[in-house]
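Residues take their numbers from the sequence shown, with the count starting at 1.
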Amino acid sequence: MFPFPLKLLISTIAIVSVMIATDAQATSSKVAADQPIRFAKGQISTTLTGTLNPKQHERWYQFEASSGQYALINIAPLAGTSETANVGVLHMPNGSQDGTKGGIIYQGCLPVSGTYRLRIARNLMATRGKTAGYTAEVIILPKYVSETLCP
């Protein structure tokens, strides 16, 4: 009746189920590992500095923002490191993303309210496997100031 023995089919289903559960846990742990971006009370900007060790390719940050807030994210080299983690991608709560290599990686009005994730990574095409550093300035204007910039 079955082309495979029933025990083999059940074992295969069990293994696939474990693989799916493990992948889901790995995905959720990535979200949990995001470093929150915090602003001091009354501040509209903050600076992130960090390094990626030779085997590390990226670091994730997250922040909460509202639709229509104006944001600017700039990535620059970190003095004293031999390589630069200069790739920045902003992942929006609606699933879209925007970013580029180095400099201003995002500038504009945020499209939706929710949790934004910022990925800072090394450019794998231009790396020599050394420690890569970055300094990122994140500016998010309050809603009342953004109204003139975000119609």
Side-chain angles (χ1 to χ4, degrees), residues 12-151:
T12 303
I13 291 171
I15 291 170
V16 169
S17 297
V18 168
M19 291 172 65
I20 290 170
T22 302
D23 189 44
Q25 287 175 346
T27 301
S28 68
S29 70
K30 284 183 184 177
V31 172
D34 291 359
Q35 185 174 341
I37 297 175
R38 296 193 188 347
F39 295 88
K41 186 172 179 150
Q43 298 297 310
I44 61 167
S45 70
T46 191
T47 301
L48 313 169
T49 57
T51 58
L52 302 176
N53 67 41
K55 295 187 184 279
Q56 193 177 16
H57 299 298
E58 62 189 20
R59 179 157 300 132
W60 288 84
Y61 294 90
Q62 69 177 3
F63 61 91
E64 297 290 323
S66 297
S67 170
Q69 281 188 278
Y70 188 84
L72 185 138
I73 302 171
N74 184 41
I75 298 178
L78 178 64
T81 54
S82 55
E83 293 187 8
T84 301
N86 67 344
V87 176
V89 180
L90 184 61
H91 294 255
M92 320 288 179
N94 64 3
S96 65
Q97 58 187 14
D98 194 358
T100 189
K101 291 181 203 155
I104 296 174
I105 61 117
Y106 184 85
Q107 181 176 9
C109 302
L110 297 173
V112 295
S113 297
T115 303
Y116 284 79
R117 297 181 71 214
L118 174 62
R119 176 181 173 259
I120 297 177
R122 62 174 72 232
N123 179 354
L124 296 177
M125 298 295 284
T127 189
R128 295 181 311 273
K130 301 187 182 213
T131 298
Y134 60 90
T135 299
E137 183 178 21
V138 179
I139 301 168
I140 303 174
L141 298 180
K143 192 94 165 151
Y144 70 91
V145 175
S146 299
E147 289 174 354
T148 59
L149 300 169
C150 302

Residues two or more places apart in sequence or in another chain: which of them pass side-chain hydrogen bond (donor to acceptor under 3.5 Å, both in side chains) with [X]?
X      : value
Tyr116 : none
Asn94  : Ser96
Ser113 : none
Glu137 : none

Quiz item: If you take all heavy atoms of Thr148 and Val145, which pair is closest and at what distance?
Solution: OG1-O, 3.3 Å

Quiz item: If you look at every heavy atom in Ala85 and Ile120, which pair is closest and at what distance?
Solution: O-CG2, 4.0 Å

Enumerate the disulfide (SG to SG under 2.5 Å) contacts for [range], please, sequence neighbours excluded, ordered by first and then second residue.
range           : value
residues 47-85  : none
residues 48-95  : none
residues 73-117 : Cys109-Cys150

Quiz item: What pairs meet the ring-ring contact (aromatic ring centres under 6.0 Å, His included) rule with one or both residues in residues 132-151, with sequence neighbours excluded?
Solution: none

Practice problem: Sort and list the pairs that fulfil ring-ring contact (aromatic ring centres under 6.0 Å, His included) and have at least one residue in residues 73-93, not counting sequence neighbours. | Solution: Trp60-His91

Only pairs under 3.5 Å count here: list side-chain donor-acceptor contacts from residues 40-57, not counting sequence neighbours, and write none if there are none.
unit_1	atom_1	unit_2	atom_2	d
Asn53	OD1	Lys55	N	3.0
Asn53	OD1	Gln56	N	2.9
Gln56	OE1	Asn53	N	3.2

Quiz item: With sequence neighbours excluded, what pairs up with Arg59 under the salt bridge (Lys or Arg N to Asp or Glu O under 4.0 Å) test?
Solution: none

Only pairs under 3.5 Å count here: list side-chain donor-acceptor contacts from residues 64-76, not counting sequence neighbours, and write none if there are none.
unit_1	atom_1	unit_2	atom_2	d
Glu64	OE1	Thr115	OG1	3.4
Glu64	OE2	Thr115	OG1	2.3
Ser67	OG	Pro111	O	3.3
Gln69	OE1	Ser66	N	2.7
Gln69	NE2	Leu141	O	2.9
Tyr70	OH	Gln107	NE2	3.0
Asn74	OD1	Ile104	N	3.2

Quiz prompt | Rounded distance (nearest 0.5 Å) linking atom OH of Tyr61 with atom CG of Leu90 | solution = 14.0 Å

Self-check item: Salt bridge Glu58-Arg119, side-chain N to carboxylate O under 4.0 Å
Solution: yes

Quiz prompt | Residue from Val87, Val89, Leu118, Asp98 passing side-chain contact (heavy atoms from CB on, under 4.5 Å) with Ile105 | solution = Leu118

